[in-house]
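In listed order, ligands and their atoms are each counted from 1.
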Amino acid sequence: MPDPKQPRTILITGATSGFGEAMARLFAQEGWRVIITGRRRDRLEVLKRELEGLHGTVEGGAVVHALRFDVRNPQEVERALASLPAEWSTMDVLVNNAGLAAGLDPIQDGRPDDWERMLDTNVKGLLYVSRAVIPGMIARGQGHIINIGSTAGKEVYPKGNVYCATKHAVDALTKGMRIDLLPHGIKVTQVAPGAAETEFSEVRFHGDRDRAKQTYAGFTPLTAKDVAAVVYFAATQPPHVCLNDIVVTPTAQANSTTIFRENV
Ligand code: NDP
Ligand code: 8X3
């Protein structure tokens, strides 16, 4: 059971933008020790400096530790996590957030390199990071894994094919992890957001900002802060409470395929 007097430690994958960055800001503000990760070293360094400037240190130690790695590379993942100083290596919470969509095409027109990026990041990357973190949680007899799924993991939408498949996999892996980790006192939660305006659509449309903007035309999407608040809520329940699965959408969105857009 976590000692309520000790600051808690969270590792967030994909903290260089969007949900992960908003989570890093919120957890640091609330006094957590935050391990931020991603591939873009410059962004990690800027965020670490900013959060330490805002929140100083926790009990004489730094409030943020930055780790650069690509979740798709199992050796990089292992090396990065093994490099953590002892005081950072006892994570209370892991958020598997790093992920992306690449392309929005009918299956017959999909690009295999897009498929590989999505499968390698959203499914295999989540597994590699979890595999590196879970043994420590088992040894400590406690921990919490929060997987960022999607409404795309609940229902498939037109042209969503492979992205939806990866998020259905996250849904299944979350359930499987919860069963397997039950005897070890480890909580496993899925947070499954609907449409949220981050860098997600710019990445999906290979940098086409105008097309990305159209994704959110005529309704108010979720913000990264909205999703961070839900993750924080899940992470701060009492030890005997596990939120298994949280679907959060904009008010204008009913499910993966139904968004009410005004004047569009
Ligand atoms: P962003 O594009 O803003 O952020 C994605 C993050 O993932 C970045 O920090 C990026 O960091 C990181 N990332 C991507 N690929 C890798 C990789 N190979 N290795 C390490 N880190 C990686 O998108 P969001 O914040 O919106 O997305 C976060 C998660 O939420 C994703 O899993 C996404 O599928 C999911 N989601 C998004 C929704 C939305 O509408 N926005 C809705 C539902 C779920 P870097 O490039 O520095 O490596
Ligand atoms: C992101 C939400 O609807 O673009 O997972 O797939 S959606």
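When hydrogens are left out, the protein atom nearest atom 3 (O) of ligand 1 is Ser17 OG, 2.6 Å; that is the closest non-hydrogen contact. Looking at atom 8 (C) of ligand 1, its nearest protein heavy atom turns out to be Thr16 OG1, 3.5 Å.
For the ligand labelled ligand 1, residue Ala15 lies inside the 4.0 Å heavy-atom shell. The closest approach between any non-hydrogen atom of Gly194 and ligand 1 is below 4.0 Å. In this structure, Glu21 falls outside the shell of residues with a heavy atom less than 4.0 angstrom from ligand 1.
Residue Arg33 is tested with Thr90, Thr9, Asp92 for a side-chain hydrogen bond (donor to acceptor under 3.5 Å, both in side chains); the sole match is Thr9.
Any N or O atom pair closer than 3.5 Å counts here, and Tyr157 shares at least one such pair with ligand 2. Taking distance alone, with nitrogen or oxygen atoms compared against 3.5 Å, Val203 stays at or beyond that limit from ligand 1. Not one N or O of Gly38 is nearer than 3.5 Å to an N or O of ligand 1, by distance alone. Polar contact with ligand 2: present for Ser150 (N/O pair, distance under 3.5 Å). For ligand 1, the polar-atom distance check against Arg40 finds a nitrogen or oxygen pair separated by under 3.5 Å. The distance criterion of under 3.5 Å between nitrogen or oxygen atoms is not met by Ser150 with respect to ligand 1.
Of all the atoms in ligand 1, the ones that sit under 4.0 Å from a non-hydrogen atom of Gly99 are 5 (C), 7 (O), 31 (C), 32 (O). Atom numbering of ligand 2 starts at 1 in the shown order; those under 4.0 Å from a heavy atom of Ala152 are 6 (O). Near Gly18, the atoms of ligand 1 lying under 4.0 angstrom from a non-hydrogen atom of the residue are 3 (O), 25 (O). Which parts of ligand 1 touch Ala196 is read off a 4.0 Å heavy-atom cut-off, strictly below it: atoms 39 (C), 40 (O), 41 (N). Near Asn97, meaning under 4.0 Å from any of its heavy atoms, are these atoms of ligand 1: 28 (C), 29 (C), 30 (O), 31 (C), 32 (O). Taking every non-hydrogen atom of Gly149 and a distance limit under 4.0 Å, the qualifying atoms of ligand 1 come out as 43 (C), 44 (C).
Aromatic ring orientation, Tyr232 versus Trp32: perpendicular (interplanar angle above 60°, classes split at 30° and 60°).
Proximity of Lys167 to ligand 1, defined as any heavy-atom pair under 4.0 Å, is confined to the side chain (atoms from C-beta onward). Only the side chain of Arg204 comes within 4.0 Å of ligand 2, judged by heavy-atom distances. By the criterion of a heavy-atom distance under 4.0 Å, the backbone of Phe69, and not its side chain, is placed next to ligand 1. Proximity of Pro221 to ligand 1, defined as any heavy-atom pair under 4.0 Å, is not found for any part of the residue.
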